[in-house]
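Accompanying notes for the structure given below.
Proteins come first, then strands; the chains are lettered A, B, ... in the order of their sequence lines, and each starts at number 1. Just so it is clear, the structure is predicted and the values come from calculations on it, not from any experiment.
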Number of protein chains: 2
Amino acid sequence: MHGITDNLSSKMEDYLETIFILKKETGVARVGEIAKSLKVKSSSVNSAVNFLKEHGLVIHEKYGYVRLTKEGDRIASEVKSKHDIFFRFLTEFLMLDPKKAEKEACSIEHAISKETFQRLTKLFKFLEDGFKEGKPRILEKFEIYLKTGKRKKCEREKSCR
Amino acid sequence: MHGITDNLSSKMEDYLETIFILKKETGVARVGEIAKSLKVKSSSVNSAVNFLKEHGLVIHEKYGYVRLTKEGDRIASEVKSKHDIFFRFLTEFLMLDPKKAEKEACSIEHAISKETFQRLTKLFKFLEDGFKEGKPRILEKFEIYLKTGKRKKCEREKSCR
DNA sequence: TAAAATATTAAGGCATGGCTAACATTAAAG
DNA sequence: CTTTAATGTTAGCCATGCCTTAATATTTTA
């Protein structure tokens with residue numbers, strides 16, 4: 001279905017992600033900025049952009065801005081989301097040092113599956129809701145939540161294990 | 001301190017891990033078995049083994065068994081432990097399909113830090129202990145546990161949030 | 001002790017991804 | 001407007017990593 005799209009190298013994912021972030025932060029992505037972000041030379045960016053263009057992930061006219069196609073944007077935001085959720089997991093859940101977590105998220109973002117991403121997202125949602133509603137018998141409740149999509153309050157009378 | 005040791009490529013880590021596992025399962029690791037495990041040719045294993053030997057991670061005499069040095073064993077078991085803990089996390093915590101989890105653990109094992117590994121290990125220990133003792137106000141308790149190394153019972157009277 | 005199985009070496013291929021240097025285009029400043 | 005500075009592009013090249021085949025060497029086994 002997606003051709004090369006789901007076989008993209010980490011580096012290419014990094015390029016997409018960088019373009020995505022620059023666009024969000026500054027409105028546009030230019031070759032020079034991408035290069036600066038990734039600490040490579042402009043010529044390297046150029047090769048990458050050509051590659052991504054050939055695969056329908058970016059739009060780029062000579063000397064112009066680099067923009068993501070719909071598909072490119074989908075992939076980029078997916079990578080970014082994986083990064084973010086894992087960063088959250090590392091810092092909020094495992095309570096790791098944010099600086100280390102940030103670095104680590106950069107490698108893990110390329111390694112985790114969509115499904116893991118989705119589960120982590122649900123986990124956080126579950127925790128947030130759980131804390132609002134009452135005590136989180138976290139694992140049990142999360143399991144139920146995953147299975148049924150619903151949450152169950154913690155019955156006071158039970159052993160509350 | 002460790003030279004190349006902490007800059008080992010994923011592939012080299014895979015070789016070490018495979019040797020580690022074969023040794024545990026069958027008593028010895030032979031070139032052919034490593035090749036079969038990793039689905040590469042023996043000659044590829046040979047190059048890898050030479051590389052690892054040069055870096056003091058394996059011991060290998062021509063036509064003999066491949067054995068891990070102390071350092072090689074340390075790294076291998078570290079990788080394997082990362083694999084295992086992440087597999088547990090994916091299956092027990094996020095409740096992912098074991099087959100997918102197994103595959104995913106294979107990539108993540110190379111990407112997670114020692115510290116993340118340690119925290120995950122503690123998380124599981126914490127959960128196990130928590131379930132024995134009483135209810136796990138998981139996040140709060142885990143945070144205390146990480147900070148102090150001790151666990152705190154869930155007070156019934158409090159809102160039990 | 002010859003055949004089969006296994007291991008090693010040598011040579012090379014290919015993918016990835018970076019670089020420099022020369023050139024082209026665009027933007028800015030006089 | 002035109003020169004200069006900044007930016008982008010292209011071409012050619014190189015390093016790394018990791019795999020392969022084919023030829024050779026050693027060990028095992030029948």
Side-chain angles (χ1 to χ4, degrees), chain A residues 3-19 22-23 26-55 57-68 72 75-76 79 106-107 109-111, chain B residues 3-19 22-23 26-55 57-68 72 75-76 79 106-107 109-111:
Chain A
I4 197 143
T5 264
D6 26 39
N7 238 33
L8 228 43
S9 72
S10 305
K11 300 291 183 175
M12 286 302 157
E13 287 187 353
D14 284 337
Y15 279 105
L16 288 180
E17 194 184 8
T18 300
I19 294 163
L22 283 173
K23 159 80 181 176
T26 73
V28 296
R30 283 193 309 251
V31 168
E33 295 301 312
I34 300 168
K36 209 178 290 174
S37 269
L38 290 173
K39 292 174 185 158
V40 297
K41 304 298 171 188
S42 302
S43 53
S44 306
V45 175
N46 232 280
S47 316
V49 165
N50 285 337
F51 176 90
L52 294 170
K53 187 177 177 183
E54 275 163 26
H55 291 88
L57 303 176
V58 304
I59 294 160
H60 181 233
E61 302 156 33
K62 275 190 187 178
Y63 302 99
Y65 297 137
V66 181
R67 287 174 306 127
L68 296 169
I75 297 173
V79 174
C106 287
S107 3
E109 67 186 3
H110 307 296
Chain B
I4 196 140
T5 264
D6 25 40
N7 238 33
L8 227 44
S9 73
S10 305
K11 299 292 182 174
M12 286 302 157
E13 287 187 352
D14 283 338
Y15 280 105
L16 288 178
E17 194 184 9
T18 301
I19 294 163
L22 284 173
K23 159 81 181 174
T26 73
V28 296
R30 283 194 308 250
V31 169
E33 294 302 311
I34 300 168
K36 209 179 290 176
S37 267
L38 290 173
K39 292 174 186 159
V40 296
K41 303 296 170 190
S42 302
S43 52
S44 306
V45 174
N46 231 279
S47 317
V49 165
N50 286 338
F51 176 90
L52 294 169
K53 186 179 177 182
E54 275 164 27
H55 291 87
L57 303 176
V58 303
I59 293 160
H60 181 233
E61 302 158 33
K62 274 190 189 180
Y63 301 98
Y65 296 138
V66 181
R67 287 174 306 127
L68 296 169
I75 297 173
V79 174
C106 288
S107 3
E109 66 186 4
H110 307 296

Residue-phosphate contact under 4.0 Å: [X] side-chain N/O, [N] OP1/OP2:
X: A/Ser44; N: C/dC19; result: yes
X: A/His60; N: D/dG8; result: no
X: B/Asn46; N: C/dT8; result: yes
X: B/Tyr65; N: C/dA7; result: no
X: A/Lys62; N: D/dT10; result: yes

Inter-residue atom distance A/Leu22.CG - A/Ile34.CD1, 0.5 Å rounding:
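A/Leu22 CG to A/Ile34 CD1: 6.5 Å, rounded to 0.5 Å.
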Is [Y] close to [X] at the side-chain level, that is, under 4.5 Å between some pair of heavy atoms?
X: B/Leu57; Y: B/Leu8; value: yes
X: B/Glu33; Y: B/Thr18; value: no
X: A/Tyr15; Y: A/Ser44; value: yes
X: B/Leu16; Y: B/Glu13; value: no

Just how far, in rounded Å, is [atom2] of [N] from [atom1] of [X]?
X: A/Leu8; N: C/dG17; atom1: CG; atom2: C1'; value: 14 Å
X: A/Met12; N: C/dA15; atom1: CE; atom2: C1'; value: 11 Å
X: B/Lys41; N: C/dT6; atom1: NZ; atom2: C1'; value: 14 Å
X: B/Leu52; N: C/dT8; atom1: CG; atom2: P; value: 13 Å
X: B/Lys11; N: C/dA15; atom1: NZ; atom2: P; value: 15 Å
X: B/Ile34; N: C/dT8; atom1: CD1; atom2: C1'; value: 14 Å
X: B/Glu61; N: C/dA7; atom1: CD; atom2: C1'; value: 14 Å
X: B/Phe51; N: D/dT16; atom1: CZ; atom2: P; value: 11 Å

- Task: Take A/Ala48 and A/Tyr63, find for each the nucleotide of DNA chain C with the closest heavy atom, and name the residue whose nucleotide sits nearer the 5' end.
- Result: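 Mapping each residue to its closest nucleotide by heavy atoms, the 5'-most match is A/Ala48.
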Considering only side-chain heavy atoms of A/Ser43, which listed nucleotide, C/dT8, D/dC19, D/dT10, is closest?
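When the side chain of A/Ser43 is considered, D/dT10 is the closest of C/dT8, D/dC19, D/dT10.
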Among C/dG17, D/dC19, C/dA7, the one nearest A/Ser9 by side-chain distance
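For the A/Ser9 side chain, the nearest candidate turns out to be C/dG17.
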